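From a predicted model like this one, the values you see are computed outputs, not experimental measurements. Each chain gets a letter, A, B and so on, in the order the sequences are listed, and its residues count up from 1.
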Protein chains: 2
Amino acid sequence: MGIAERKIRQKEEVKASILQAAWALVEKEGWQSLSIRKIADAIEYSSPVIYDHFANKEAILLEFTRRGFRQLNEQLVAAKDKFTNPEQQIEAIAYAYWKFAFNQKEYYQLMYGLGMPGCDAVKQIPELTSFTETVSAPIKEMIAKSNNAGADSFLKLHTFWSTLHGLVSINMMGKNNDHKDELNAMVLKDFLIGFVSGIKS
Amino acid sequence: MGIAERKIRQKEEVKASILQAAWALVEKEGWQSLSIRKIADAIEYSSPVIYDHFANKEAILLEFTRRGFRQLNEQLVAAKDKFTNPEQQIEAIAYAYWKFAFNQKEYYQLMYGLGMPGCDAVKQIPELTSFTETVSAPIKEMIAKSNNAGADSFLKLHTFWSTLHGLVSINMMGKNNDHKDELNAMVLKDFLIGFVSGIKS
DNA sequence: TATAATTTCTAACAGCGTTAGTAAAAGTAG
DNA sequence: CTACTTTTACTAACGCTGTTAGAAATTATA
């Protein structure tokens with residue numbers, strides 16, 4: 001009897017439509033004004049139905065956070081795989097990260113800012129692991145090739161990630177300067193030069 | 001007739017008590033659960049009274065953001081003034097910044113994260129200027145003393161600030177590792193070495 | 001077809017920021 | 001000291017929010 005299967009399939013269709021509708025709303029009005037009732041309206045169900053698929057609103061946002069990290073990771077991997085040289089790889093990763101942050105602004109804000117998701121929430125994002133691995137690989141390679149074999153890759157990863165995120169978020173909240181793009185490109189380049197040479201030495 | 005003066009004084013007392021009560025609530029329950037009604041309860045007035053002193057809730061948060069930057073700046077200046085050498089100054093500033101972020105966690109989260117205050121809001125924070133100047137001064141000095149006189153101080157300031165903020169915010173959301181403090185100290189040191197040597201070269 | 005299980009709904013609770021309109025208090029003038 | 005005007009603070013409400021309880025409707029099983 002395929003009845004149970006069909007039910008499961010239908011249930012997942014509704015769940016997918018919830019996420020789809022939610023994302024459409026986020027893109028149109030920003031994540032700030034996303035509400036359960038609006039989602040329910042969009043999928044033409046009553047609001048309590050949503051709680052049959054998600055424990056609460058935060059769970060929906062968490063799902064998007066996970067998707068965001070998955071997507072970010074895909075783009076980083078794609079950028080990285082265009083090169084074999086780890087220096088070029090790390091540079092490509094940095095630019096891809098930057099691009100993602102501003103092209104998928106809603107995702108980025110959800111993933112990071114935004115009420116600084118509780119420490120508990122962060123643990124529920126296994127996608128962070130892939131992200132970490134993607135960035136770690138070229139860093140480890142660089143260290144191995146360098147004269148500075150004692151360097152700690154975890155530490156370097158942390159520095160790399162933090163700086164990138166810092167640049168992004170200071171920029172997102174910052175004034176809309178005319179020379180913004182040029183400045184950003186320079187700051188990014190400036191950081192990368194320092195970062196790479198810091199590993200080598 | 002000092003009646004008008006007394007009235008102004010009384011009005012400002014109420015305004016001060018609003019901010020005081022609000023801050024007490026933030027410290028007890030976090031900024032997330034701060035509400036106009038709770039503030040009103042705490043100062044033993046009805047909620048609409050608050051709107052005689054602040055345009056809206058955001059204005060209250062903005063006031064705290066400004067106070068936060070003022071306080072941060074004071075601490076940075078104090079740290080800086082312990083040294084005359086710009087390298088030591090910039091290092092002291094970095095540590096003071098770090099200390100502020102974690103000692104005054106609520107402030108820091110309000111100032112930065114937290115819904116990434118609208119671009120409009122940022123312009124309304126004149127305190128940012130003093131902050132910028134405090135950090136710029138030693139950077140400019142370092143550039144002047146270096147062989148690399150062409151370096152752009154604004155660019156370096158941006159890098160410095162971004163990296164610090166990145167380190168802080170990645171850490172605030174991060175897991176509570178056992179070796180957290182040691183790692184942080186190392187990352188901070190790692191960054192500072194790279195930053196300073198990057199300016200000199 | 002009757003019963004059991006599931007799905008979906010309406011209605012409500014408790015909270016939020018904010019505003020309109022009224023009652024009370026305080027200050028001013030005759 | 002009374003009459004009027006201005007300021008101040010209140011109650012009540014609007015339109016939202018996330019979330020839950022309980023009834024109604026639908027669907028599957030015996």
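Among C/dG17, C/dT8, C/dC16, the nucleotide with an atom closest to any side-chain atom of A/V49 is C/dT8. Among the nucleotides C/dG17, C/dT8, D/dT20, the one closest to any side-chain atom of A/Y51 is D/dT20. In the set C/dC16, C/dC9, D/dT19, the nucleotide with an atom closest to the side chain of A/S46 is C/dC9. Among the nucleotides C/dC9, D/dG18, D/dC10, the one closest to any side-chain atom of B/Y45 is D/dC10.
Put simply, the side chain of A/K57 gets close to the backbone of A/L34: a donor and an acceptor are under 3.5 Å apart.
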Pairwise N/O distances under 3.5 Å, protein to nucleotides 21-25 of chain D:
none

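Aromatic ring centres of B/W98 and B/Y108: separated by at least 6.0 Å.
Between C/dC16 and B/S35, a contact under 4.0 Å exists linking OP1 or OP2 to a side-chain N or O.
Counting heavy-atom neighbours within 6.0 Å of A/K140 NZ, excluding the residue itself, gives a total of 12 or less. No more than 12 heavy atoms of other residues, nucleotides or ligands sit less than 6.0 Å from atom CD of B/E44.
Side-chain atoms of B/R37 and base atoms of C/dG15 include no donor and acceptor less than 3.5 Å apart.
Both A/S33 and B/S47 sit near DNA chain D, but only B/S47 has its closest nucleotide nearer the 5' end.
Contacts between residues 9-22 of chain A and DNA chain C, counted as heavy-atom distances below 4.0 Å, involve no residue at all.
With salt bridges taken as basic N to acidic carboxylate O contacts below 4.0 Å, one links B/E63 and B/R67.
Remark: B/K11 engages no residue in a salt bridge (charged side-chain N to carboxylate O under 4.0 Å, His left out) (not counting sequence neighbours).
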